[in-house]
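Along the sequence shown, residues are numbered consecutively beginning with 1.
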Amino acid sequence: RIVCSVLLCISLVRSLSESKTKKIAVLASTDPCSSNPCKNNGWCEKIGSHFSCHCPKPYTGTTCEKVQDMCLEKRCVRGDCLITLTSPYFQCSCSHPYKLPDSSSPCRPNPCKNGGICIRHRIRSKFTCNCPEPFRGRFCEIGPDDCYEEGSFEYRGRVNQAANGKTCLHWNSHILLDYSINSFMKDADSYGIGEHNFCRNPDGDEKPWCYIKKKNKVEWDFCDISPYSPAVPPGSNEIFETCGQPESQRPLKRIYGGAKTKAGKHPWMVSLQKKTSRRSRHFCGGVLIKPCWVLTAGHCIEHSAEYLQVVLGKQDLKKREPHEQIFDVEKTIVHNKYKDKDGVQYNDIALLKLKPVDGHCAVETKYVKTVCLPNFLFPVGTDCFISGWGATETDGESRQLLDANVKLISQRQCNARKAYDHTLDESMFCAGNLRRPGVDSCQGDSGGPLTCVQNGSYYVYGLVSWGDQCGLKNKPGVYTQVTTFLSWIKSKIRYESRSLH
């Protein structure tokens with residue numbers, strides 16, 4: 001079965017005949033609200049051949065894509081005005097040492113955290129926190145455990161002070177609305193950004209940072225946070241302690257402009273290759289779930305383990321890369337109920353056990369990480385991601401790793417008569433877009449992961465399995481439902497681990 005690359009799908013859509021394009025345009029124009037153009041829970045109203053979006057506060061714009069500055073008329077005297085998602089949609093954040101009007105004393109209530117003692121100054125509004133060891137910071141808020149690990153994307157501490165001593169601006173400050181990084185940007189939660197002023201590292205910089213105000217101008221600075229110092233020696237086997245955390249999820253512009261590089265965007269991505277006399281050949285994708293274990297599609301396992309190899313940390317198939325890790329396959333385990341019936345793959349899942357090199361399998365780096373296994377279901381309509389090198393109709397392959405966004409589709413819709421007509425069982429699901437052919441409906445390589453995000457971590461929710469080519473109306477991509485096979489995955493890994501002893 002042909003599996004299309006993202007680039008192929010784009011070319012297929014562009015190759016639609018002019019008449020067909022016009023026909024689609026006419027259909028779309030009959031109901032401009034059918035594609036739900038209003039963002040941020042806006043309500044679409046059809047007005048003739050046009051539409052109007054009714055935006056909930058504080059959103060505004062033609063499609064509710066902007067955040068209205070609710071602070072233009074409601075200024076805070078000595079402090080910053082913040083935009084909120086709840087009525088009255090703004091609040092004041094008082095600059096130190098000022099407080100709200102009902103505050104009589106700077107030390108009541110005690111602003112010092114972690115047992116700090118508040119000492120008043122002669123100037124009644126000022127105070128100093130006397131911090132007990134090992135706490136520090138203006139409010140004794142920085143503790144010994146508040147540190148960042150390598151990469152620091154996962155930092156979720158409560159430090160809100162820049163290295164120069166200035167207090168961080170809140171991410172929902174009204175003066176940050178024109179900046180690409182704020183609490184209203186897409187996927188803000190996954191970056192740890194919200195209605196607070198804690199330091200974060202959403203763009204893969206050197207360490208956590210925040211915006212500050214200096215001489216009435218917005219700047220940024222790194223934060224007063226220490227790097228994590230492991231208590232265990234570097235040579236220990238404590239690796240892959242977390243899963244589903246890419247080094248940098250996407251490029252984001254910051255105050256000085258420019259885009260950050262996307263190092264290790266899909267660090268769990270695997271290239272499954274067949275060893276030949278000349279060179280190895282990529283033929284399927286996979287996903288790293290443990291240092292010695294890779295998950296892939298059952299239909300990918302057509303060769304015995306001795307002819308297979310797995311490459312981790314790969315981006316470009318046509319050249320050797322310094323950060324790649326290569327392993328032979330010690331054992332392949334295809335699900336015992338896997339079957340191919342009339343081009344439909346049932347229970348399409350397999351495990352690859354890697355052969356250790358010098359006593360260990362995969363080593364965690366910014367380019368190689370494990371993905372999480374989900375023990376819960378994602379709701380229909382969730383935006384997820386597929387990645388792969390993508391075989392084309394001519395059996396060609398994309399040199400660079402590609403990715404695309406897809407939406408989860410309900411089983412009822414995908415099993416409808418005009419779609420796959422009750423072909424799908426509980427071992428599979430659909431993702432893409434039923435209404436818009438060719439958009440969000442192409443697959444990467446067979447066996448490659450479909451990942452979804454929960455609380456900032458990536459979970460492998462599906463594996464690229466099958467589908468009616470690429471870009472066909474009502475024929476989205478079909479994926480193996482990983483949650484159905486959690487017990488099988490864990491039992492096989494547990495059995496193989498025990499057999500070593």
Side-chain angles (χ1 to χ4, degrees), residues 75-82 84 90-176 181-183 191-202 205-232 255:
R75 301 184 185 276
C76 301
V77 180
R78 292 185 176 91
D80 191 12
C81 184
L82 312 179
T84 63
F90 82 98
Q91 69 181 64
C92 290
S93 171
C94 301
S95 300
H96 174 72
Y98 299 101
K99 288 196 169 187
L100 295 173
D102 58 351
S103 299
S104 58
S105 169
C107 289
R108 294 181 185 176
N110 185 5
C112 308
K113 311 295 183 184
N114 299 303
I117 300 173
C118 182
I119 302 173
R120 290 177 55 179
H121 291 195
R122 285 185 178 179
I123 302 174
R124 294 189 61 182
S125 63
K126 293 190 176 182
F127 67 92
T128 300
C129 286
N130 190 355
C131 305
E133 289 290 340
F135 297 99
R136 60 189 180 89
R138 179 177 293 163
F139 303 102
C140 309
E141 77 281 10
I142 305 175
D145 296 329
D146 204 329
C147 55
Y148 66 90
E149 298 184 4
E150 183 183 357
S152 71
F153 174 82
E154 304 87 356
Y155 175 75
R156 297 295 182 267
R158 301 180 70 82
V159 174
N160 61 359
Q161 189 172 318
N164 62 8
K166 286 191 171 290
T167 300
C168 298
L169 288 170
H170 282 67
W171 297 103
N172 59 323
S173 168
H174 78 112
I175 60 177
L176 297 183
I181 299 180
N182 59 47
S183 64
Y191 298 109
I193 289 176
E195 295 184 359
H196 60 75
N197 68 337
F198 304 131
C199 303
R200 294 293 181 258
N201 188 11
D205 211 321
E206 182 182 330
K207 58 187 288 189
W209 58 274
C210 70
Y211 291 112
I212 57 173
K213 202 171 181 181
K214 191 174 180 181
K215 296 180 180 179
N216 290 323
K217 290 185 178 180
V218 175
E219 297 184 7
W220 69 270
D221 195 5
F222 291 119
C223 291
D224 185 18
I225 312 174
S226 303
Y228 170 67
S229 299
V232 294
I255 188 167

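Remark: side-chain polar atoms of W171 are not paired, donor with acceptor, to backbone N or O of I181 under 3.5 angstrom. In this structure, R200 contributes its side chain and F153 its backbone to no donor-acceptor pair below 3.5 Å. Using modelled atom types, one side-chain atom of N110 and one backbone atom of G116 make a donor-acceptor pair closer than 3.5 Å. Of the possible donor and acceptor atoms, one in the side chain of N182 sits under 3.5 Å from a partner among the backbone N and O of L176. Distance alone, capped at 3.5 Å, is enough to place a donor-acceptor pair between the N114 side chain and the C140 backbone.
Within the model, atoms CG of N172 and CG of L82 stand 4.5 Å from one another, a figure rounded to the nearest 0.5 Å. A distance of 6.0 Å separates CG in N160 from OG1 in T167, rounded to the nearest 0.5 Å. Between I212 atom CD1 and N197 atom CG the span is 12.5 Å, to the nearest 0.5 Å. Between atom CG of residue N201 and atom CD1 of residue I225 there is a gap of 9.5 Å, rounded to the nearest 0.5 Å. The OH atom of Y191 sits 10.5 Å away from atom CZ of R156, with the distance rounded to the nearest 0.5 Å. How far SG of C168 is from OH of Y211: 12.0 Å, rounded to the nearest 0.5 Å.
Atom CD1 of I119 has more than 12 heavy atoms from other residues, nucleotides or ligands within 6.0 Å.
Between C112 and C129, the gamma sulfurs sit within a distance below 2.5 angstrom. The SG atoms of C223 and C210 do not sit under 2.5 Å apart.
With sequence neighbours excluded, no residue satisfies side chain to side chain donor-acceptor pair (under 3.5 Å) with T84. Looking at residues two or more places apart in sequence or on another chain, you find no ring pair (Phe, Tyr, Trp, His ring centres under 6.0 Å) involving Y155.
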Item to check | disulfide bond (SG atoms under 2.5 Å apart) assessment of C92 paired with C81 | outcome: CA-CA 5 Å; C92 290; C81 184; 5.5 Å; no
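I193 places a side-chain heavy atom less than 4.5 Å from the side chain of P202.
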